[in-house]
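So the structure is just underneath, and the comments pick up after that.
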Amino acid sequence: MSQCQHQTIHQKDYKVPDYLVDTVELTFDLSPEDTRVLSRLAIRSNHDRSNGASPLVLDGEELTLVSLKLDGVEVKRDAYRVDDASLTLLAPPESFVLEVETRIKPKENSALSGLYASGPMLCTQCEAEGFRRITYFTDRPDVMAVYTVTLRADKASCPVLLANGNLVDRGDLPDGRHFAVWHDPFKKPSYLFAVVAGDLVHIADRFTTMSGRAVQLEIYVEERNKDKCEHALRSLMRAMRWDEEKFGREYDLDTYMVVAVDDFNMGAMENKGLNVFNSRYVLASPESATDDDYEAIEEVIGHEYFHNWTGNRITCRDWFQLSLKEGLTIFRDQEFSADMQSRPVKRIADVKSLRSAQFAEDAGPLAHPVRPESYVEINNFYSMTVYHKGGEVIRMLQTLLGREAFRAGMDLYFERHDGQAVRVDEFVQAMADAGKRDLSQFMLWYDQAGTPVLTVSDDYRPESGSYTLTVTQSCPSTPGQPEKKPFHIPLAMGLLDRDGNELPLQLAGEAAAAGTSRVLELRGETETFTFAGIKERPVPSLLRNFSAPVKLQYPYSDEDLNLLMTRDSDPFVRWEAGQVQAVKLIMGLTGEIQAGRQAQVPESFIESFRRLLADDSQDRAFLAETLTLPAESYLAEQMAVIDPDAIHQARELVRSTVGRRLWSELTAVRAACAPKAPYRPDDGLAGCRRLKNLCLAYLMAAGGQEAIDACMAQYRSADNMTDSLGALAQLTSCACPERDEALASFYDCWRGDRGVIDKWFTHQALSRLPDTMDRVLALLEHPDFDLRNPNRVRSLVGAFSQGNQVRFHDAGGRGYRFLADQILRLNAINPQIAARMLTPFSRWRRYDAHRQELMKKELERILAEPGLARDVYELAAKSL
Ligand code: PHE
Ligand code: ZN
């Protein structure tokens with residue numbers, strides 16, 4: 001019943017706040033069991049009072065109110081109301097000081113929102129609406145204030161006391177306690193507030209900004225992790241320099257602190273001057289971190305740093321504008337990573353994750369626009385769509401405007417809106433003004449959900465040498481949006497002749513050809529583009545660099561794809577041509593398997609792999625991407641009714657055939673990639689390791705003791721985590737005695753390292769073997785498994801249900817029951833994490849009737865649970 005009370009918040013209902021808060025003075029008496037918070041707010045009215053004063057409604061959850069004073073006087077009981085979500089002053093004066101004293105219990109806070117305990121420390125997480133779990137406040141991003149924070153705690157257990165801004169005072173107190181006072185001169189919304197207290201150590205360095213100011217950089221961790229922070233610190237310095245060079249943005253406080261905590265719902269949080277990080281995005285040592293870990297740390301450190309301008313200096317007016325900061329900051333961190341590593345490989349990785357996760361979200365019952373119209377629980381909208389499609393929308397702006405005008409638009413945005421809480425509209429307006437472009441149709445990318453489909457056809461006229469591309473766009477309906485208007489889409493393209501030469505591009509009506517790569521702009525439902533001076537039928541190279549988040553349909557022949565794969569100037573198109581071929585092949589095999597026919601991998605496919613393996617001129621990481629088959633989840637997206645067993649069998653058939661037929665080639669490439677010197681994370685050989693481990697995976701797919709021996713040999717001799725896990729991952733999917741031996745030895749070796757043990761759980765959850773469900777159930781009982789730790793939940797429950805399609809979707813339904821059981825347990829512990837685990841169930845309509853029935857039953861079981869959290873309720877209800 002109570003579930004009907006979950007309210008929907010609508011974008012159209014936005015109202016400016018009735019009251020503003022200019023300054024916030026907070027005093028914390030910290031203790032894990034019972035923390036006292038004293039808040040002193042300078043408040044002033046922001047509404048027309050000719051008809052009397054509006055009530056002041058302060059948000060507050062899970063708080064015990066101790067006392068309430070207005071301008072120093074205790075507020076009378078009949079002048080305010082308190083319930084479990086708010087404190088209301090019925091008729092406050094025009095401007096006043098409010099003093100509120102509350103008590104909270106950090107240790108009992110398993111939702112990890114507000115003030116909570118993580119291991120031996122206390123820390124906060126306020127985005128989106130966690131500040132109201134610390135004290136009563138107008139907890140919305142358009143109320144910005146200057147904060148001064150006093151922390152008091154036991155000196156022995158909490159020697160380090162941190163908050164936003166600058167340390168202005170500290171000293172000892174009686175009874176073994178001490179205090180610290182922090183002041184943040186920048187006005188900020190409450191979601192950027194943070195405090196951390198605990199027994200921490202730090203490493204530090206100095207950064208000199210482009211204008212010559214010295215900034216103290218500090219990374220705080222528990223003592224045992226002190227030697228694992230170097231990479232995070234170096235990454236931070238690179239990010240700071242990069243933002244100066246690429247965007248002209250300089251850091252603005254005297255210190256920048258990063259704290260690593262083991263219990264964290266998301267990746268990290270950009271609190272002003274005091275980022276709090278999930279420890280997996282800070283800690284790395286050469287023995288315990290993989291190449292991917294190193295990259296991810298650099299990226300997340302960059303992301304949170306870039307938020308200082310895109311998010312903190314300019315923030316969101318309301319949570320519907322979340323992509324204003326997240327889409328833009330994702331774009332910035334992607335560009336940063338591209339500059340630090342290989343740009344094409346980074347682009348491919350980003351497109352892969354967008355297409356397998358965001359496209360699926362956009363095609364299902366939880367589809368929502370980059371700027372949603374409504375929500376029940378805002379935490380559910382920290383989604384692939386808001387973040388990653390939002391990032392693509394920014395990238396399209398750059399593609400449409402060109403780099404220079406885009407940069408001018410960024411400058412204009414900073415100049416106009418520094419210190420403000422704004423909407424997406426203000427950002428796009430700055431781009432429109434700087435680029436002198438009409439971007440009104442472009443705004444549809446923010447307000448219409450769904451992935452557009454581009455259907456391209458062409459017509460070549462040898463008599464006149466003209467070549468016409470006809471592009472039609474359509475977009476499927478999504479919940480609440482049955483009809484879509486056409487989008488404004490940048491389509492980057494080129495034309496190749498039969499020898500693979502790029503043709504100069506001259507559109508009909510143009511005086512001369514301009515370049516060999518162009519951005520065509522689609523605005524209408526159907527657009528045609530005619531090129532002149534084309535001497536033979538060309539092969540179109542379309543959607544270069546994945547210039548828009550769309551699905552592309554063009555009837556390429558195998559010959560066309562081979563040409564693009566080997567000759568196109570755009571690395572994304574080269575890679576994509578290979579993927580299109582692989583998808584075609586595997587989908588064909590899937591059909592054969594479903595029909596009960598003998599499926600076989602054609603010779604031509606093996607031959608193209610053979611050629612690729614022989615080509616040592618290519619970048620190793622790029623080659624590895626080219627040789628990686630599309631993921632089962634991506635293949636699933638291509639099917640009308642997903643058949644996880646047939647997809648799995650078909651893909652495995654290709655893998656084992658490649659392994660058997662190309663055994664010696666794979667072995668040779670693997671040998672050529674073997675290390676010649678001891679491992680260093682920055683040795684520039686990550687691409688080699690990736691390729692080598694991919695080769696090993698193909699050899700293991702071929703089967704046989706020789707492969708197992710090679711795997712074990714690599715596992716035993718590895719001097720780095722990438723190689724050791726590369727071998728372990730293969731062994732966990734192999735029904736051989738070596739499997740348990742390696743898993744046991746790995747556990748013994750790494751039992752003290754949480755991050756590595758997460759991987760030990762993950763790889764077992766990802767095992768392709770039929771007994772995986774039983775193993776996962778057994779691991780739930782493992783002493784190291786802990787439902788209260790989000791990373792551990794993701795590493796077992798998340799990995800199995802989201803990363804192991806074939807075993808999770810077992811037609812017996814055990815996987816479904818398992819997941820629903822865990823969601824119900826998590827509902828009572830951590831609603832945000834529980835809700836995130838629902839993702840696989842939201843896709844239930846894509847499966848056969850039998851699986852649909854089973855998943856639907858589990859969703860209904862979840863919805864019937866009394867006391868279901870808002871987070872879980874919203875997603876489960878919308879999924880059904
Ligand atoms: N704002 C954070 C980021 O993207 C993500 C986050 C959201 C973290 C909510 C915690 C809670 O960098
Ligand atoms: Zn972010």
Side-chain angles (χ1 to χ4, degrees), residues 109 111-116 118 123-134 139-141 164 188-196 232 235-236 239 243 256 258-282 296-316 318-337 350 353 370 375 377-391 393-394 421 424 427 790-791 794 830-836 871:
N109 181 355
L112 313 184
S113 162
L115 179 68
Y116 64 92
S118 178
C123 65
T124 55
Q125 172 51 46
C126 293
E127 189 177 3
E129 299 180 333
F131 192 70
R132 63 186 64 185
R133 294 162 59 89
I134 297 174
D139 194 12
R140 46 188 287 171
N164 316 84
K188 65 168 174 287
S190 51
Y191 82 85
L192 290 175
F193 167 83
V195 306
V196 172
S235 300
L236 176 58
D243 211 16
Y256 191 93
V258 169
V259 185
V261 304
D262 285 332
D263 303 279
F264 201 76
N265 284 344
M266 308 277 276
M269 182 62 212
E270 70 263 25
N271 317 300
K272 185 80 188 186
L274 177 58
N275 289 180
V276 176
F277 267 63
N278 186 325
S279 54
R280 69 173 296 196
Y281 295 116
V282 174
I297 289 168
E298 182 177 70
E299 178 161 22
V300 179
I301 287 271
H303 180 98
E304 305 312 328
Y305 175 74
F306 304 140
H307 266 315
N308 190 55
W309 276 97
T310 51
N312 301 5
R313 291 290 289 252
I314 306 181
T315 194
C316 305
D318 56 74
W319 291 121
F320 296 103
Q321 319 298 325
L322 183 57
S323 198
L324 172 78
K325 74 178 178 80
E326 295 304 347
L328 180 53
T329 304
I330 283 282
F331 168 77
R332 276 152 54 71
D333 85 48
Q334 289 178 348
E335 286 298 287
F336 169 59
S337 297
D350 291 336
S353 92
V370 171
Y375 59 77
E377 171 52 63
I378 184 58
N379 284 319
N380 288 331
F381 289 81
Y382 286 74
S383 62
M384 281 301 290
T385 298
V386 167
Y387 274 65
H388 288 84
K389 187 177 183 180
V393 171
I394 304 290
V424 162
F427 178 81
N791 286 1
R794 284 183 277 255
N830 188 330
Q832 275 186 57
I833 300 298
R836 297 229 162 237
D871 314 54

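Keep in mind that the numbers below use all heavy atoms, side chains included, and drop hydrogens, waters and symmetry copies. Order of appearance sets the numbers: ligands from 1, and atoms from 1 within every ligand.
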For this session: Please could you name the atoms of ligand 1 that His307 approaches to less than 4.0 Å, counting only its heavy atoms?
Result: 3 (C), 4 (O), 12 (O)
Exercise. Heavy atoms, side chains only, cut-off 4.5 Å: are Cys123 and Tyr116 in contact?
Worked result: yes
Problem set entry | Numbered atoms of ligand 1 (with element) below 4.0 Å of Ala268, judged on heavy atoms | 2 (C), 3 (C), 5 (C), 6 (C), 8 (C), 12 (O)
Problem set entry | Minimum-distance pair of heavy atoms, taken over all atoms of Gly130 and Asp139 | N-OD2, 4.0 Å
Problem set entry | Centroid separation Tyr256 to Tyr305 less than 6.0 Å | yes
Exercise. How about Phe131 and Tyr191: are their ring centres within less than 6.0 Å of each other?
Worked result: no
For this session: Work out the angle at the Zn ion (ligand 2) between NE2 of His303 and NE2 of His307, rounded to 10°.
Result: 100°
For this session: Can you pull out the closest protein heavy atom to atom 9 (C) of ligand 1? Residue, atom name and distance to 0.1 Å, please.
Result: Glu127 O, 3.6 Å
Seminar exercise, completed: So for Met266 against ligand 1, with non-hydrogen atoms under 4.0 Å, the contacting part is side chain
Exercise. Would Glu326 and Lys389 satisfy salt bridge (Lys or Arg N to Asp or Glu O under 4.0 Å), going step by step from the backbone distance to the final call?
Worked result: CA-CA 10 Å; Glu326 295 304 347; Lys389 187 177 183 180; over 6 Å; no
Problem set entry | Exceeds 12 heavy-atom contacts within 6.0 angstrom, atom CZ of Arg280 | no
For this session: Determine, using heavy atoms of Gln832 and all atoms of ligand 1, whether some pair is separated by less than 4.0 Å.
Result: no
For this session: Please could you name the atoms of ligand 1 that Tyr387 approaches to less than 4.0 Å, counting only its heavy atoms?
Result: 1 (N), 2 (C), 3 (C), 4 (O), 5 (C)
Exercise. When you look at His388 and Asp350, which way does the side-chain contact (heavy atoms from CB on, under 4.5 Å) test go after all the steps?
Worked result: CA-CA 9 Å; His388 288 84; Asp350 291 336; 5.8 Å; no
For this session: Report the part of Glu129 (side chain from C-beta onward, or backbone N, CA, C, O) that has a heavy atom under 4.0 Å from ligand 1; answer both or neither where that applies.
Result: neither
For this session: Could you list which atoms of ligand 1 come closer than 4.0 Å to a heavy atom of Glu304?
Result: 3 (C), 12 (O)
Exercise. Are the side chains of Val196 and Thr124 in touch, meaning some heavy atoms are under 4.5 Å apart?
Worked result: no
Exercise. Can you tell if the side chain of Asn278 reaches within under 4.5 Å of the side chain of Met269, non-hydrogen atoms only?
Worked result: no
Exercise. Of the backbone and side-chain N, O or S atoms of Glu326, does one lie nearer to the Zn ion (ligand 2) than 2.8 Å?
Worked result: yes
Exercise. Polar-atom distance check: Glu270 versus ligand 1, any N or O pair below 3.5 Å?
Worked result: yes
Seminar exercise, completed: If we number the atoms of ligand 1 from 1 as shown, the ones under 4.0 Å from a heavy atom of Lys325 are 1 (N)
Exercise. For ligand 1, which atoms have a heavy atom of Gln125 less than 4.0 angstrom away?
Worked result: 10 (C), 11 (C)
